[in-house]
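Right, one structure below, let's go through it.
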Amino acid sequence: MNNFTFYSPTEFVFGKGREYETGALVRKYGSKKVMIVYGGGSVVRSGLLERVTGVLKSAGVEYCLMGGVQPNPIDTKVYEGIAICRNKNVDMILAVGGGSVIDTAKAIAAGVLYDGDFWDFFAGKEKVTRALKVGVVLTIPAAGSEGSGNTVITKTDTLQKLSLRVPEVLRPVFAVMNPELTYTLPAFQTACGVADMMAHIMERYFTNTQDVEIADRLCEGTLLTIIKEARIVMEYPGNYGARANLMWAGTITHNGTCGVGCEEDWASHFLEHEVSAIYGVTHGAGLAVLFPAWMTWMAEHNVDKIVQYAVRVWGVPEEENKKKVALEGIQRLKEFFVSLGLPVTFKELGIDNPDISRLVDSLHRNKGEYVGNYVKLSRKDSEEIFKMACVI
Ligand code: NZQ
Ligand code: ZN
């Protein structure tokens with residue numbers, strides 16, 4: 001196991017009706033004026049935004065609003081938010097929504113206290129050392145941004161979708177998580193969230209680091225939980241227990257709990273970020289296509305952990321032919337994704353002829369000569385994986 005520092009100070013406030021505590025939480029963390037960030041309108045339609053503003057008023061907290069954050073959030077909304085916060089002397093950002101809203105809130109929080117262009121942080125020119133506090137009311141279990149120290153933003157003029165990871169500054173101070181808020185999710189969004197949270201575990205699980213039994217078992221147990229609860233939720237969207245288990249799983253898959261002590265991979269995410277940046281697809285759907293392709297490539301190049309995954313997560317019988325065991329595990333993963341209504345090929349994702357050379361160029365321009373760690377992918381390797389995602 002590698003040395004690690006695990007610092008996860010977010011206060012998670014979980015369960016039915018907990019959004020009514022948002023005003024008290026904002027005050028607890030010392031804010032007098034928040035900017036509420038939200039998305040395309042689901043929180044307006046569900047009445048959540050009205051409930052949250054109501055409890056802020058009761059708690060004597062001033063607020064202003066910035067709606068209109070789109071999935072795969074963009075830099076222009078971050079600039080807009082920074083300007084509002086400076087104008088109105090906002091001292092905390094309250095994200096009410098999913099990963100796109102939370103990531104926008106985090107980027108604004110870092111940008112407000114920085115004199116230069118916030119994109120400097122994403123481009124690696126500057127380090128984030130301070131940011132406004134971010135609080136969250138979560139509406140979709142998926143990206144795990146409510147507990148992560150990451151934010152992912154797309155620069156519109158270059159179509160670069162880049163992630164910024166600064167756990168010591170960017171983790172939200174609190175996250176309100178009421179599973180009932182997820183009942184209104186369209187089935188496709190629920191399924192995309194499931195694929196994303198599974199991917200967050202697998203990026204950590206597929207590691208060459210030895211002696212990580214605790215991480216392995218946490219990962220496998222969480223994957224088994226997600227698979228079980230996702231099947232229930234797809235059939236019974238109003239099942240509280242299954243929604244609650246999925247929601248907490250989404251957090252622990254990405255707040256670091258499952259992967260401490262491991263060298264993480266993240267190649268599948270970086271491959272996918274190119275696809276969602278250029279083609280605008282939903283992140284989880286892109287992962288449902290690219291992760292099985294990445295694993296199939298790995299069955300040829302570094303099979304051992306794929307075999308362990310196939311046996312322990314998908315119940316594939318052990319046998320001497322490792323590749324066969326690995327491929328059977330990957331097949332069961334794909335069948336599971338298909339059962340949730342997810343795509344597993346580019347075509348099913350709605351991209352008939354992906355521009356693979358553009359995807360490869362952009363990936364290696366953004367991430368360097370080699371991508372990932374389980375096997376470090378060269379340009380040729382990433383091209384092969386993108387091609388596999390066309391036919392698998
Ligand atoms: O915009 P609204 O109208 O709110 O609708 C949203 C949006 O269309 C809808 N939705 C959310 N909660 C709902 C709801 N609809 C009905 N009822 C509800 N309760 O769902 C759609 C997707 O929302 P979004 O916030 O985009 O989803 P998600 O949480 O999957 O976030 C995806 C983004 O997070 C990034 C992804 O790349 C993508 O840009 N990621 C962020 C990470 C992080 N910060 O740590 C890690 C991830 O790997 C990921 O890359
Ligand atoms: Zn993800």
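Remember, predicted model here, so these are calculated numbers, not experimental data. We count ligands from 1, going down the list as the structure has it; atoms in each ligand are counted the same way.
- For the residue pair K305/N302, the side-chain donor-acceptor check at 3.5 Å is not satisfied.
- Between Y309 and F206, a ring centre-to-centre spacing shorter than 6.0 Å is recorded.
- Atoms of ligand 1 lying under 4.0 Å from any heavy atom of A142, numbered from 1 in the order shown and given with element: 29 (O), 30 (O).
- Ring centers of W266 and H254: under 6.0 Å apart, within the cut-off.
- Polar contact check, V152 against ligand 1: no nitrogen or oxygen pair lies under 3.5 Å apart.
- A side-chain N or O of D381 and one of S378 form a donor-acceptor pair less than 3.5 Å apart.
- Among the atoms of W266, none of the N or O lies under 3.5 angstrom from an N or O of ligand 1.
- Side-chain contact, E229 with N239: no donor N or O sits under 3.5 Å from an acceptor N or O.
- Residue contacts with ligand 1 for P71 involve both N, CA, C or O and side-chain atoms from C-beta outward (heavy atoms, distance under 4.0 Å).
- Residue-level proximity to ligand 1 for H269 is carried by the side chain, the only part with a heavy atom below 4.0 angstrom.
- Looking at S145 next to ligand 1, an N or O pair under 3.5 Å apart turns up.
- At a distance under 4.0 Å, no protein heavy atom can be found next to atom 6 (C) of ligand 1.
- Side-chain contact of E80 with T76: a donor-acceptor pair under 3.5 Å is absent, judged by distance alone.
- Atom numbering of ligand 1 starts at 1 in the shown order; those under 4.0 Å from a heavy atom of T139 are 11 (C), 12 (N), 13 (C), 18 (C), 19 (N).
- Under a 4.5 Å side-chain heavy-atom criterion applied to ILVMFWY residues, the cluster that includes L56 comprises V13, L25, V26, Y29, V34, I36, Y38, V43, V44, L48, L49, V52, V61, Y63, L65, M92, L94, V96, V137, V173, F174, V176, L181 as well.
- Ligand-side atoms of ligand 1 in range of P73: 39 (O), range being under 4.0 angstrom from any heavy atom.
- Under 4.0 angstrom from ligand 1, the non-hydrogen atoms of S42 come from both its backbone and its side chain.
- Only the backbone of L181 comes within contact range of ligand 1, with a heavy atom under 4.0 Å; no side-chain atom does.
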Check: residues 120-128 side-chain donor-acceptor pairs under 3.5 Å, at least two apart:
unit_1	atom_1	unit_2	atom_2	d
D120	OD2	Y114	OH	2.7

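- Of the polar atoms of G40, at least one N or O is found under 3.5 Å from an N or O of ligand 1, judged by distance alone.
- When only modelled atom types and interatomic distance are considered, E203 and H269 share a side-chain donor-acceptor pair under 3.5 Å.
- In this model, a donor atom of one side chain and an acceptor atom of the other lie less than 3.5 Å apart for K161 and N72.
- Atom-to-atom distance recorded for E146:CD and M177:CE is 5.0 Å, nearest 0.5 angstrom.
- No side-chain donor-acceptor contact under 3.5 Å links N150 and S163.
- Counting only heavy atoms, the protein gets under 4.0 Å from atom 38 (C) of ligand 1.
- Nearest to atom 47 (C) of ligand 1 by heavy-atom distance, out of H200, R165, M197, H254, is H200.
- Inside a sphere of radius 2.8 Å centred on the Zn ion (ligand 2), the protein N/O/S atoms present are D196 OD1, H200 NE2, H269 NE2, H283 NE2.
- Within the structure, ligand 1 lacks V43 among the residues with a heavy atom less than 4.0 angstrom away.
- Considering only heavy atoms from C-beta on, Y205 comes within 4.5 Å of Q308 through its side chain.
- When distances from atom 23 (O) of ligand 1 to the protein are checked, no heavy atom turns up under 4.0 Å.
- Both the backbone and the side chain of N72 come within 4.0 Å of ligand 1, judged by heavy-atom distances.
- Shown here are the side chain to side chain donor-acceptor pair (under 3.5 Å) partners of S148, two or more places apart in sequence or in another chain: K106.
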